[in-house]
**Q** 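Before I ask anything, here is the structure I am working with.
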Amino acid sequence: QHGAVKMTVADKTVGAVLLSISVSVFVYYTLWVLVTPFVDVDHAIQAYFPDRQLALVLPTVALVLGVTVVATFVALVMIKSKQKKKKSA
């Protein structure tokens, strides 16, 4: 197997941990957004979830920050590329 990628036990463990975290976050967020609106406000399960308003605010803030980081990175790479072209010319 000349071109095959060998996965070590550590790689598989990290992958399993990341997958478990992702599934847990997905299930928690799904319950938070889709189930809790239909449960009574004074029910005990409501104590495990923050205010529903945060369910929209947190992803929006994460998206804005993510786009800002990516745009900043692209801008810095373009600026450095332009500076290298000026030096070589």
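All residue numbers in this chain count up from 1 along the given sequence.
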**Q** Should L63 and L58 be regarded as members of a common hydrophobic cluster, given that ILVMFWY residues are connected when their side-chain heavy atoms come within less than 4.5 Å of each other, either directly or indirectly?
**A** no

**Q** Would you indicate whether the side-chain heavy atoms of V77 and F73 approach each other to under 4.5 Å?
**A** yes

**Q** Take atom CE in M7; do more than 12 heavy atoms of anything else shown fall under 6.0 Å from it?
**A** yes

**Q** Spell out, yes or no, whether Y29 and I21 are grouped together once hydrophobic residues are joined by side-chain heavy atoms under 4.5 Å, including indirect joins.
**A** no

**Q** So, taking the atom named NZ in K84 and the one named NZ in K80, what distance separates them when rounded to the nearest 0.5 Å?
**A** 8.0 Å

**Q** Quick one: closest heavy-atom pair of T68 and V64, and the distance?
**A** OG1-O, 2.7 Å

**Q** Any chance you could measure D40, atom CG, to I45, atom CD1, to the nearest 0.5 Å?
**A** 11.5 Å

**Q** Should V23 and V33 be regarded as members of a common hydrophobic cluster, given that ILVMFWY residues are connected when their side-chain heavy atoms come within less than 4.5 Å of each other, either directly or indirectly?
**A** yes

**Q** Measure up the Y28 and W32 rings against each other and bin them: parallel (under 30°), tilted (30 to 60°), perpendicular (over 60°).
**A** tilted

**Q** For residues V27 and F49: do they belong to one hydrophobic cluster (side chain heavy atoms under 4.5 Å, members Ile, Leu, Val, Met, Phe, Trp, Tyr)?
**A** yes

**Q** Hey, could you give me the OG/CG distance between S24 and L19, rounded to the nearest 0.5 Å?
**A** 9.0 Å

**Q** If you group Ile, Leu, Val, Met, Phe, Trp and Tyr by side-chain heavy-atom gaps below 4.5 Å, do Y48 and L34 land in one group?
**A** yes

**Q** Could you report the tightest heavy-atom contact between L54 and P59, atom names first, then the distance?
**A** O-CD, 3.9 Å

**Q** For R52 and T36, work out which heavy atoms get closest and say how close.
**A** NH1-O, 3.3 Å

